[in-house]
Amino acid sequence: MDIPKTYDPKQAEERHYANWEAGGCFAPEINRDPNAPVYSIVIPPPNVTGSLHMGHALQHTLMDVLTRFKRMSGYRTLWVPGEDHAGISTQIVVERELKKEGTSRHELGREKFLERVWQWRQESGSRIMQQMRREGASVDWSRQRFTMDERLSRAVAEFFVRCYEENLIYHGEGMINWCPKDQTALSDLEVDKEAQAGKLYYLQYPVKGSARRVTVATTRPETMLGDTAVAVNPSDERYRELVGATLELPLAGREIMVVADEFVDPEFGTGAVKVTPAHDPNDYAMGLRHELPLVKVIDQHARMTADAGAEFEGLDRYEARERVVAKFEELGLLEKVVDYEFSISKCGRCRTVVEPLISLQWFCRQAELARRPLELMRERHEPRFVPENPYEKVYTNWLENLHDWTLSRQLWWGHRIPAWYTEDGRTIVARSVEEARERAGTDKLTQDPDVLDTWFSSALWPISTLGWPDETPDLRTYYPTSVLITARDIIFLWVSRMMMTGVKFTGAKAFDDVFITGTIFDKHGQRMSKSKNNGVDPLEIFDKYGVDATRLVLASIETTDTRWNENQVESYRNFANKIWNAARFCLMNSEGARVGEGFDEERGEWALHDRWIVSRLNRTARVVGEAIEKYQFHLAVQTLYHFFWDDFCDWYIEFSKYTILTGITSEQLSGHTPEFLSEARSRVITVLEQSLRLLHPFMPFITEELWQLLPGVGEHLLHPAYKGAPSTIMLTSYPEGKAELIDERAETDMQTIIEIVSRVRNIRSEMSIKPSQEIEIIFRTTDEHLNEVFGNNSAQIMRLTRAGKMNYATHVSTPVEIPRASARAVLAGGAEVAVPLEGLIDFAQERERLRKEEEKLAKEAERLRGQLANENFVARAPAEKVAELRQRMADIEQRTGALRQSMEAFAE
RNA sequence: GCUCGCUUAGCUCAGUUGGUAGAGCACACGCUUCACACGCGUGGGGUCGCAGGUUCGAGUCCUGCAGCGAGCACCA
């Protein structure tokens, strides 16, 4: 078989995904077991605005690991893919395109514009789908969903109508965040607070009929034109007699009242607050409490209105600010201006400073919807957040402090609000225009021009993708979903709302677990962003190192924030290559071998290294399986890496070479039948095959590529639930880690052999013995079992240490002699390994080597002795712990003794 | 202002019931050993941010402090 020395990820990646997909391997229907347990995940739908970034690759990797693991474990698995229409983001992107073409959405008109957006959605959506295929995501494409699909749109209308009927959704005037650039209302979650250096202006308002003035501090002087009161704290002595007094509002020529309100903090500023109910959320609330009039002085374009006065009308809000301040100065009413840092709200999309405005919009009373999710969390800790801290608390706190959600957006791209208005001013909320007509009793209806917040449809994602509002088999089978994997910044926007709708409409939580991934920063610790242009494109990394290697890095990130480190990908690329070459070796020596064979004899008859690797394999399977269940992906990856590289490659394959390669170097074949050889080869191939299965959820491509090449693979290896399915590693059963195959004795014995080899290699290296130089090894122990283990494996040890000669006692009662001119090492249990170096040895060098070793032992002995001398320790620590330390102490003493003897042998 | 996280080898990070500090990369030395130089072998490197406390015993638990970061609230 001709296999290249270096693994080429590309060619494997190109072939296998297409085969899996064509074979229907991703759909849950591939599972024929009617009693199979169910595992389901809905993908956080990527926005159709662009391409996938590293954060997506991270989430998708974790979801795919879980899905593949569960699928191989016999679960009926469903991972639903899809995309989000991403209302405002997408509209902005398409509008930008139009601008380049010299036109605009207004020129095109609503209908034509929407056509353009759909066209964009086609292109962008298919690009994202291709990228997900590249990632290896084993999603069920037959169930792919888009938030604007007809069916999901029906769910949106149903959601809206039902909530409206229950008075959870209402239409009315309210204080909203308005983006003057995008010309739409925004919810509180769509604006970002940003610290900003600014000024605090102290303005004086004259008290009517008095020489007194009241000073108010403000960061937005231009809003004073809309003031309808000044508020003070009722307990504030300074202003007590002013409450109820009338002030002359400068510039506006209006009279306003001084009111008392607990909201005012006497400690801040002057203790007197100007109240602008039409342009500030807190003032709006205060306005309601005191029945203050609303004076709108800023319009939707952030320009001053006619009500701001002729002098200001039409000015931009910042121009108006300067003009107002100048006027106050002229009038001698500007007390002072101080530097002041405050935070400002910006549009989450375009970064324009938002304007709080009173506006007629649709709102949702979320507090009511949050009641049952809150109970679920308090009573049953559902859903289970990973990591629990801090997200359980973050989620709970948010649910406890909900404000009404501004639902309507003055956009064109999105779900049109299912509300119609009759000519006589009635509002009809209905599932469709037909229903609306029927209910209204007229055809003369005008639909509300606005669309819904994009998160409104997202809130339904787990149920709508599965068929809600219809009672579909999918909804019954796959809901609630098993886990949601997402980033922390959308816990409020999305996670909590899915719980609200899920619980409301089905009575059940949307997911059992919520796994919040860490964030990937650039190598300087900066957040990756388009504007900083410091993002790392996953596709470039895939191209450079392969998808499998990248997935290992991503899986290792787990829940902690990490700086992107390309070295790590390189390291896992090397790991992939290691796997490739290990398999290459196995395949080059696979004559007569078949997967699954070679382990037919009684286990007691197996060679040590066979018992050992089977034990290690099962231990690894157990650790990895448990780690994945607990979302400890890093532990799983580390365990697999070290099992494969250290145990399988460094030791098992090396041990197997002795047998396997004897087929090539014929003189060592004596006494062994050809069957013996092919069985040994089968064992290696079988362990390799099991290892590939263990690795598959993390590294789907290379494992499939190699699995297909193994002799004896086929349908018969598939998990019983996948009878009749295509022959692929992804449908084999995940190794379970059988307790009865974990062999402590074999692991201990093998550890001894490994230590012997390592010690001899250390001697070689420290004594500068040429690699080509053959040496002799002398082994001396009083432990019969150890002596036997050594004897059984002496050929292996010779091979791995390049020894030409071996000497050990046929029976421990007659120990072998160790020549004076030998380099020695003392093992645990006091066994000695020596390498005679007559004529080669540098006594001083060897003394130094032994001295270093003794020093190490002495250091540990000192610590142990101290601990054991501590009466409190002996009395209070668990007995087994104490016994353990005593044992270790005894061992060290024994080794030190032997070491001293060795050193004496060198004393001149 | 409140809440929370992080601080471990030169770098990026593990360290899950408190019980001899780990990995990868980097570094040093030696190897074209018949799977792999994206490799093999050997080795060096850490008072686990600082200061206290609990404990027989603390990287791990508690308190305080410092630096970095996140979220929430307020911001007239």
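Everything numeric here is computed off the predicted structure, so don't read it as measured data. The sequence lines fix the lettering, A, B, ..., with proteins before strands; numbering per chain opens at 1.
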Touch class at under 4.0 angstrom, heavy-atom based, for A:Tyr340 against every strand present
sugar-phosphate
Please give the distance between the C1' atoms of B:rC31 and B:rC36 as a whole number of Å.
15 Å
Paired nucleotide for B:rC74 [Watson-Crick or G-U wobble; both distances under 3.5 Å]:
none
At 4.0 Å (heavy atoms only), tell me whether A:Lys5 reaches a base, stays on the sugar-phosphate, or touches nothing.
sugar-phosphate
Look at all strands and tell whether A:Arg573 reaches a base, only sugar-phosphate, or nothing, counting heavy atoms closer than 4.0 Å.
base
Taking atom P in both B:rC6 and B:rA23, what distance in whole Å separates the two?
23 Å
In whole Å, measure the gap between the P atoms of B:rC29 and B:rA21 for me.
29 Å
Among the candidates B:rC13, B:rU42, B:rC36, find the nucleotide nearest to the side-chain atoms of A:Arg563.
B:rC13
What's A:Arg888 touching, base or sugar-phosphate or nothing? Going by heavy atoms closer than 4.0 Å.
base
Taking only side-chain N and O atoms of A:Asn581, does any of them lie within less than 4.0 angstrom of OP1 or OP2 on B:rG39?
no
Could you tell me whether A:Ser772 contacts a base, only the sugar-phosphate backbone, or nothing, with contacts defined as non-hydrogen atoms closer than 4.0 Å?
nothing
If pairing requires Watson-Crick or G-U wobble contacts with both distances under 3.5 Å, which nucleotide is the partner of B:rG39?
B:rC31
Closest listed nucleotide, where the reference is the side chain of A:Pro771 and the choices are B:rC31, B:rG43, B:rA35
B:rC31
Can you tell me the Watson-Crick or wobble partner of B:rG18, both distances under 3.5 angstrom?
none
With rounding to whole Å, what would you report as the distance between B:rU55 and B:rU7 at their C1' atoms?
25 Å
Would you classify A:Thr219 as touching base, sugar-phosphate or nothing, given that sugar-phosphate means primed atoms plus P, OP1 and OP2, and contacts are heavy atoms under 4.0 Å?
sugar-phosphate
Just checking, any donor-acceptor pair under 3.5 angstrom between side chains of A:His290 and A:Asp261?
yes
Under the ring-ring contact (aromatic ring centres under 6.0 Å, His included) test against A:Trp580, which residue among A:Tyr7, A:Phe644, A:Phe585 passes?
A:Tyr7
Using a cut-off of 4.0 Å on non-hydrogen atoms, how would the nucleic acid contact of A:Leu635 be classed: base, sugar-phosphate, or nothing?
base
With a 4.0 Å cut-off on heavy atoms, is A:Cys586 in touch with a base, just the backbone sugar-phosphate, or nothing at all?
nothing
A:Lys657 side-chain N/O to B:rA35 phosphate OP1/OP2 under 4.0 Å
yes
Which label fits A:Phe648 and A:Tyr652: parallel for a plane angle under 30°, tilted from 30 to 60°, or perpendicular past 60°?
parallel
Touch check for A:Phe263, heavy atoms < 4.0 angstrom, all strands: base, sugar-phosphate only, or nothing?
sugar-phosphate
By the Watson-Crick or G-U definition, both distances under 3.5 Å, B:rU47 is matched with none
Taking only nitrogen or oxygen atoms into account, show me every contact under 3.5 Å that the protein makes with nucleotides 2-10 of chain B, one pair per line with its distance.
{"unit_1": "B:rU3", "atom_1": "O3'", "unit_2": "A:Lys393", "atom_2": "NZ", "d": "3.4"}

Between B:rA66 and B:rG46, how far apart are the two P atoms, rounded to whole Å?
30 Å
Is there a Watson-Crick or G-U wobble partner for B:rG5 with both distances under 3.5 Å, and if so, which one is it?
B:rC68
Taking the P atom of each, how far is B:rG1 from B:rG15, in whole Å?
32 Å
Applying a 4.0 Å non-hydrogen cut-off, can you work out what A:Asn282 is touching in the nucleic acid: base, sugar-phosphate, or nothing?
sugar-phosphate
Checking all strands, does A:Gln632 fall into the base, sugar-phosphate, or nothing category for heavy-atom contacts under 4.0 angstrom?
base
Taking A:Ile298's backbone N and O only, do any of them form a donor-acceptor pair with A:His279's side chain (distance below 3.5 Å, no angle check)?
yes
Is there a donor N/O on one and an acceptor N/O on the other, under 3.5 Å, for the side chain of A:Ser343 and the base of B:rC75?
yes
Need one value for A:Tyr641: base, sugar-phosphate or nothing, where a base atom within 4.0 Å counts as base even if backbone is also close, heavy atoms only.
sugar-phosphate
Say you pick atom C1' in B:rC48 and the same atom in B:rC61; how far apart are they, in whole Å?
16 Å
If you take all heavy atoms of A:Met286 and A:Ala231, which pair is closest and at what distance?
SD-CB, 3.6 Å
Side-chain donor/acceptor of A:Glu654 to base of B:rA35, under 3.5 Å:
yes
Please classify the nucleic acid contact of A:Thr519 as base, sugar-phosphate, or nothing, using heavy-atom distances under 4.0 Å.
nothing
Pairing partner of B:rC11 (Watson-Crick or G-U wobble, both distances under 3.5 Å):
B:rG24
Please work out which of the three classes, parallel, tilted or perpendicular, describes the rings of A:Phe385 and A:Tyr391, given edges at 30° and 60°.
tilted
Close side-chain approach of A:Phe698 to A:Tyr572, heavy-atom, < 4.5 Å
no
Of A:Met224, A:Arg220, A:Arg321, which is the lone residue that meets side-chain contact (heavy atoms from CB on, under 4.5 Å) with A:Tyr201?
A:Arg321
Using the C1' atoms only, state how far B:rA58 lies from B:rA51, rounded to an integer number of Å.
15 Å
Tell me the interatomic distance from A:Trp645, atom CH2, to B:rG41, atom C1', rounded to whole angstroms.
14 Å
Remember a base hit wins even if backbone is also touched, and classify A:Val874 as base, sugar-phosphate or nothing at under 4.0 Å, heavy atoms.
nothing
Between C1' on B:rC74 and CZ on A:Phe342, what's the gap in Å once rounded to a whole number?
14 Å
Any donor and acceptor pair, going by atom type alone, linking the side chain of A:Arg764 with main-chain N or O of A:Thr801 inside 3.5 Å?
yes
Tell me which one of A:Leu640, A:Val547, A:Val637 satisfies side-chain contact (heavy atoms from CB on, under 4.5 Å) with A:Leu552.
A:Val637
Mate of B:rU60 across any strand shown (Watson-Crick or G-U wobble, both atom pairs under 3.5 Å) is none
